[in-house]
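All values below come from the heavy atoms of this structure, side chains included, with hydrogens, waters and symmetry mates left out.
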Number of protein chains: 2
Amino acid sequence: MLTDFNRLKVFYTIYRYKSAAAAAKELYISQSAVSQSLGKLEQELKTQLFVRMHKKLVPTAAAGRLYEIVEPFVRGLEGGLAWLEAEKAGPRGMLRIGAPVEFGSRNLVEFIAAFRRRHPAVFFEVSLGHPDMLLPRLAAGELDLVFADIFPGRGAKSLPPFAVSTVIAEKLVLACSAGYHSARLRGTITPAALAGCEFLDYSHGRPALDNWFRHHYDKSLPGLKVVLTVESVQAILNGIKGGLGLGIVPEYLVEKELKAGSVWAVRTGRPELINRISLVRLKGKAASPAEKAFLENY
Amino acid sequence: MLTDFNRLKVFYTIYRYKSAAAAAKELYISQSAVSQSLGKLEQELKTQLFVRMHKKLVPTAAAGRLYEIVEPFVRGLEGGLAWLEAEKAGPRGMLRIGAPVEFGSRNLVEFIAAFRRRHPAVFFEVSLGHPDMLLPRLAAGELDLVFADIFPGRGAKSLPPFAVSTVIAEKLVLACSAGYHSARLRGTITPAALAGCEFLDYSHGRPALDNWFRHHYDKSLPGLKVVLTVESVQAILNGIKGGLGLGIVPEYLVEKELKAGSVWAVRTGRPELINRISLVRLKGKAASPAEKAFLENY
DNA sequence: ATCATTGCTTAAGTAACACTTATGCTTACA
DNA sequence: TGTAAGCATAAGTGTTACTTAAGCAATGAT
C-alpha cells in the first residue's frame, strides 16, 4: 500500500489548482512544503505526476488517473463527515434493532410508527429472531440495540459486555380453551391433574412450560405430552383457542377472551410468571441522538 | 477537510481485523501507535468509532459508514497503483494524440493500426483539429503528443515549452487539372500569369497559397481569386481535378496523376516547398514505455 | 479459585520527518 | 530590460507520530 496518504491530499489540491502556490494557500502551509510533498509522492510512485512549467503545473496522464481515484474519495469523505455531523446534531440516521419475532412485529413496529411521527429523519432496520442469534450480532456491532426476552433461568450471567434494562414486564399465563377446560380439568388444579393434559410450546426443549412449572410448583414436570411445537405466539394462541391443549401466552393477548370466558387460565395462587422483555445495548457504546431519543421514549 | 488522511489508513486496517494488535502487525508499527492513532481520529471526528471490548474492537454504526467510504478508495488505489506499475513495465495504456485532420485520419490511423499489431495493450484517443486548438490542450496536459504542420512563417518562436521534432517532410505543389492548364496557362509561368487564375485554399486567410508564393517568388500576391475555401485536402484535390483552379496539395497525393498527365503542377526552378509535419511534446515530460515505443517507430 | 495470557490504554521519552525560512532559477509581462 | 511570480532546493527547526514501559481488565487453563 501507499506509505503516506497525506501526500494524496496535497496532490489532490495541487491538481485542482494546477499550482503549488495556490494549493499551499488552501492548505495553510508554505509553497515549499507543497513542492516537497509532491516530490516525495512522485518518488514514491516512481512516476512523474506534473510537468513543471512556468507558473503552472501540468498534469501527466498518470496524474489524471490518480486524480480520478482520489477525487470521488475526497467528495465521499466530505459527504460522510457532513452526515456524521448531522447525526450528532439531532435524531436522524439509521437505527439497527433486533427483537424477538412476536414482540418485534407487534409492539416494536407500533412504537416505531409513533416514533417516526416525531422524528421522521430516523429510519430503522429491524432484525427478528432469537436472542441467541441477535446478541452475537449486537456484540459484533451489526446491531445497535436488541430486545430480548431472557428467561430468568439462563442468560444474565453470561453477558458481561452488555448493558441490560427491562422495558416491559408482561404476565405469562398457562391457558386453554373453555371447551378443553371443561372436558379435561374439572375440579382443583394440581400438578398431577395437569400432567395428563396436552401441551403446546415454542421450541422442542419446551422452555416456556418448564419455566412456568418451576415458577409455580418449584419443579419441572418431565414427560409432558407436547402435541405442538411452533415458534409463534399467534400460532400457540390459535392452538389454544382450537382446543389443542394448554400453552403459555402473554396475559394481555387473551384478556378479552378470559373475561368473556372463552379462554381459561390456570391460577395457582402464586403471582403470575413475569416475562421480562429487556433492552440490551453494548456496554461502553455512546448513544447517538437518534438512539437517545429512542431509549428515552421506551 | 479531515486533517490527517493517514489515520484513515490505520482505521481501515483496524476495521478489517477488528483488532488493534493485528492492525499493528500489518502496518509494521506498535500496537500502541495504532491505539493512539484511532484515539486521535475519534477525537477529530468527535465520534466514537469502536467499542472497546476485551480482545476485540467492535465497530459502531459511524465506523461502518466511514469504512464504506474508505474501502472502495483503498481498493481503487491499489488497482490504480498496480496499473501504473504495469504501464512502467511495458508499452500499455492510453496514448492521447492530437493531429491535423488530414494527417490524422490518413497517415496516423494507418500507423496506429500497424503499431497496435505489435503492442495490442496500447490504445489511442485521437483528437483531430488545428494545431492552434491542439497545442493549448497539449500545454494543459490533456494530450500526450501532437502532430502539427507548422508553416515556417509563424510558430517556432512562440512555443518555448514544447519539444518539436520533424517526422515527415512532404513536398507541396501548386497544381491544377490538365484541362485548366491548357486553357489558362499556356507559355511560361510568371507571377503575373498566375495572378489571373482561380485558386483554392484551406481557410479564408489563404495561408497555404501565401506560403507557397513567398517561398517561390519571395512575395505574396494580394487579390488572388480564391474560388473555394475548404478545410480538407481531399476536397481541394477533387476541386483541382474538376478544373476549379489551382491549389496546394502534397505531391505524393498526385504522383500518379502527374505522371499520367491528368494533373499539372507549377514548377519555378526552385526546390519545392516543404510541409514539415512535426511531432510536438511537452518539454520535460517523461515518456511512458508506450510513448517511447510510439516515438521510436515514427 | 487462581494464575497466566492476551489485548487495549495511558504516560513519558525519542526520533523521524514535515514544515518554515531563505535563496536561486526560470519565465512571463510591462 | 527590469520586475514579479512560481517552482525547486538547502538548511534548520518544530511538531508529532512512534516506541518503550507500566497498568488494567477479561478470558481460559491448571
Side-chain angles (χ1 to χ4, degrees), chain A residues 2-11 13-44 48-60 63 136 139 141 157-163 282-285, chain B residues 2-11 13-44 48-60 63 136 139 141 157-163 282-285:
Chain A
L2 208 59
T3 57
D4 196 326
F5 274 32
N6 284 331
R7 301 207 236 271
L8 289 178
K9 188 167 79 168
V10 177
F11 162 80
T13 313
I14 297 177
Y15 190 96
R16 280 174 48 215
Y17 289 101
K18 268 73 175 171
S19 152
K25 207 181 296 174
E26 164 139 347
L27 296 169
Y28 298 106
I29 57 179
S30 67
Q31 172 267 101
S32 173
V34 172
S35 189
Q36 291 176 52
S37 179
L38 174 60
K40 299 258 182 69
L41 181 60
E42 288 183 326
Q43 256 185 303
E44 197 167 19
Q48 186 185 20
L49 292 173
F50 290 92
V51 181
R52 273 67 169 178
M53 289 176 62
H54 187 62
K55 296 192 180 226
K56 203 174 194 188
L57 294 176
V58 177
T60 64
K157 78 160 190 285
S158 71
L159 322 163
F162 295 131
L282 262 195
K283 195 173 286 179
K285 187 182 136 194
Chain B
L2 207 58
T3 57
D4 197 326
F5 274 31
N6 284 331
R7 303 208 237 268
L8 289 178
K9 188 167 80 169
V10 177
F11 162 80
T13 314
I14 297 177
Y15 190 95
R16 279 173 48 217
Y17 290 100
K18 267 74 178 171
S19 153
K25 208 180 295 174
E26 164 138 345
L27 296 170
Y28 299 107
I29 57 178
S30 68
Q31 176 269 113
S32 174
V34 172
S35 189
Q36 290 176 54
S37 179
L38 174 60
K40 298 259 182 68
L41 181 59
E42 287 183 326
Q43 254 184 302
E44 196 167 17
Q48 186 185 23
L49 292 172
F50 289 92
V51 181
R52 272 68 169 177
M53 289 178 61
H54 188 61
K55 297 193 180 225
K56 204 174 191 186
L57 295 176
V58 177
T60 64
K157 77 157 193 284
S158 69
L159 323 161
F162 295 130
L282 261 196
K283 196 173 286 180
K285 187 183 136 196

Quick one: [X] [atom1] to [N] [atom2], roughly how many Å, whole number?
X	N	atom1	atom2	value
A:Arg52	C:dA28	CZ	C1'	20 Å
A:Lys40	D:dA10	NZ	P	13 Å
B:Leu38	D:dA17	CG	C1'	15 Å
A:Tyr28	D:dT15	OH	C1'	20 Å
A:Gln43	D:dA8	CD	P	13 Å
B:Asp4	D:dT16	CG	C1'	10 Å
A:Ile29	C:dA18	CD1	P	11 Å
B:Asn6	D:dT15	CG	C1'	15 Å

From the set [options], return the single nucleotide nearest to any side-chain atom of [X].
X	options	value
A:Ser32	C:dA22, D:dA17, D:dT19	C:dA22
A:Arg7	C:dT26, D:dA8, C:dA18	C:dA18
A:Gln36	D:dA17, C:dG7, D:dA10	D:dA10
B:Leu57	C:dT10, C:dC8, D:dT9	C:dC8

(request) Name the residue closer to the 5' end of DNA chain D, choosing between A:Ser35 and A:Lys55 according to the nucleotide with the nearest heavy atom. (result) A:Lys55
(request) Report yes or no: does B:Asn6 contribute a side-chain atom to a donor-acceptor pair with the main-chain N or O of A:Phe5 at less than 3.5 Å? (result)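 Yes; at least one donor-acceptor contact below 3.5 Å.
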(message) With a 6.0 Å cut-off (strictly less than), is the heavy-atom count around NZ of A:Lys18, excluding the residue itself, greater than 12?
(response) yes
(request) Decide yes or no for A:Ile29 and A:Val34: does some side-chain heavy atom of the first lie under 4.5 Å from some side-chain heavy atom of the second? (result)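 Touching, per the 4.5 Å side-chain cut-off.
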(message) Would you say that A:Lys9 contacts B:Leu2 through its side chain, given a criterion of any heavy-atom pair below 4.5 Å between the two side chains?
(response) no
(request) Assign each of B:His54 and B:Gln31 to its nearest nucleotide of DNA chain C by heavy atoms, then name whichever residue's nucleotide is nearer the 5' end. (result) B:His54
(request) Could you tell me whether A:Ala33 contacts a base, only the sugar-phosphate backbone, or nothing, with contacts defined as non-hydrogen atoms closer than 4.0 Å? (result)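 Answer is base: heavy atoms of A:Ala33 come under 4.0 Å of a base.
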(request) For B:Ser19, answer base if it contacts any base atom (sugar-phosphate contacts may also be present), sugar-phosphate if it contacts only those atoms, and nothing otherwise; contact means non-hydrogen atoms under 4.0 Å. (result)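 If one applies the 4.0 Å heavy-atom cut-off, B:Ser19 turns out to touch the sugar-phosphate alone, with no base involved.
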(request) Verify whether one side chain among A:Ser32 and A:Gln36 offers a donor that lies under 3.5 Å from an acceptor in the other. (result) yes
(message) With a 4.0 Å limit, can you tell me whether A:Lys56 has a side-chain N or O closer than that to the phosphate oxygens OP1/OP2 of D:dG6?
(response)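 Negative; the distance criterion is not met.
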